[in-house]
Amino acid sequence: MPRNWLMKSEPEVYSIHDLRRDGRTGWEGVRNYQARNFLRDDVRPGDRVLFYHSNASPPGVAGLARVARAGYPDPTARDPDSEYYDPKASEADPRWFTVDIEFQEAFPALVSLGDLRATPGLEKMLVINKSRLSVQPVTDAEYDIVVRLGRGAAPG
DNA sequence: GCCAACGTTGGC
DNA sequence: GCCAACGTTGGC
């Protein structure tokens, strides 16, 4: 499985700047089975993360993080006070999983979804065509291109 | 705020 | 197991 991921968060809920402040956070609240399976089965410590701001204007990749802890049961699923509470989750069957990620860097400027669409080599990025998947694999080549864009180098 | 796309739920 | 209804996501 890939060693790079794109993870989406609404910046009004939790942004790359919140992650910089916190240093490390649990990626909680994922309630989609395909994304859950990645978190539970495939995301591993040391994996690289493109931190994507969704529902923003514009949306795009805001910076980089690194996986600090592999998948474990999402505690918010069993917290009745959490907006992510799921009464069907139990200790025996946690149902939802989370990983911990730690801050790496915030890009000087967002790499917008429009930038991603316009950049050769990124045509197959899932975020472009399967935009609703909140945790998605990214190839090494795609990751390198996005990082170069984010750090301000000219495309190509 | 709108709405298209898509994932989930539940009746049958 | 199908599929219509419903709810959510997320770009615009």
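Source: prediction; values computed, not measured. Chain identifiers are assigned alphabetically (A, B, ...) following the order of the sequence lines, protein sequences preceding nucleic acid strands; residue numbering begins at 1 within each chain.
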Q | Minimum-distance nucleotide (side-chain atoms of Arg132(A) versus dT8(B), dG11(C), dT8(C)) | A | dT8(C)

Q) Ser54(A) side chain: which of dG7(B), dG10(C), dC12(C) is closest? A) dG10(C)

Q. Rounded to the nearest Å, what distance is computed from the CD1 atom of residue Ile128(A) to the C1' atom of nucleotide dC6(B)?
A. 18 Å

Q: Examine the base of dT8(C) for any acceptor or donor lying under 3.5 Å from a partner atom in the side chain of Arg31(A), and report the outcome as yes or no.
A: no

Q. To the nearest angstrom, how far is Asn32(A) atom CG from dT9(B) atom C1'?
A. 15 Å

Q: Kindly say if Tyr52(A) contacts the phosphate of dG11(C), meaning a side-chain N or O under 4.0 Å from OP1 or OP2.
A: yes

Q: Please state how far atom CD in Gln34(A) lies from atom P in dT9(C), giving the value in whole angstrom units.
A: 15 Å

Q | OP1 or OP2 of dT8(B) under 4.0 Å from side-chain N/O of Arg36(A) | A | no

(Q) Whole angstroms only, please: what is the NZ-C1' distance between Lys130(A) and dC6(B)? (A) 10 Å

Q.
By nearest heavy atom, map Asn55(A) and Tyr33(A) onto DNA chain B; which one lands nearer the 5' end?
A. Asn55(A)

Q. Hydrophobic clusters join Ile, Leu, Val, Met, Phe, Trp and Tyr when side-chain heavy atoms are under 4.5 Å apart, directly or via other members; which others share one with Tyr33(A)?
A. Trp96(A)

Q) How close or far is atom P of dC12(C) from atom NE2 of His53(A), stated in whole angstroms? A) 17 Å

(Q) Which nucleotide wins on minimum distance to the side chain of Arg117(A), given the candidates dG11(C), dT9(B), dG7(B)? (A) dG11(C)

Q: Return the value, rounded to whole Å, for the distance between atom CG of Asp86(A) and atom P of dT8(C).
A: 13 Å

Q | Side chain proximity check, Arg69(A) to Pro45(A), heavy atoms < 4.5 angstrom | A | no

Q: Test Trp27(A) against every option in Phe97(A), Tyr84(A), Tyr72(A), Phe51(A) by the ring pair (Phe, Tyr, Trp, His ring centres under 6.0 Å) rule and name the one that passes.
A: Phe51(A)

Q | Atom-pair distance (OH on Tyr84(A); P on dT8(C)), nearest Å | A | 13 Å

Q: Calculate the interatomic distance between Leu116(A) atom CG and dG10(C) atom P; express it in whole Å.
A: 15 Å

(Q) Quick check for you: to the nearest 0.5 Å, what is the distance between Leu6(A) atom CG and Gln136(A) atom CD? (A) 5.0 Å

Q. Relative to Tyr143(A), does Arg48(A) satisfy both conditions: NZ or CZ under 6.0 angstrom from the six-membered ring centre, and within 45 degrees of the ring's axis?
A. yes

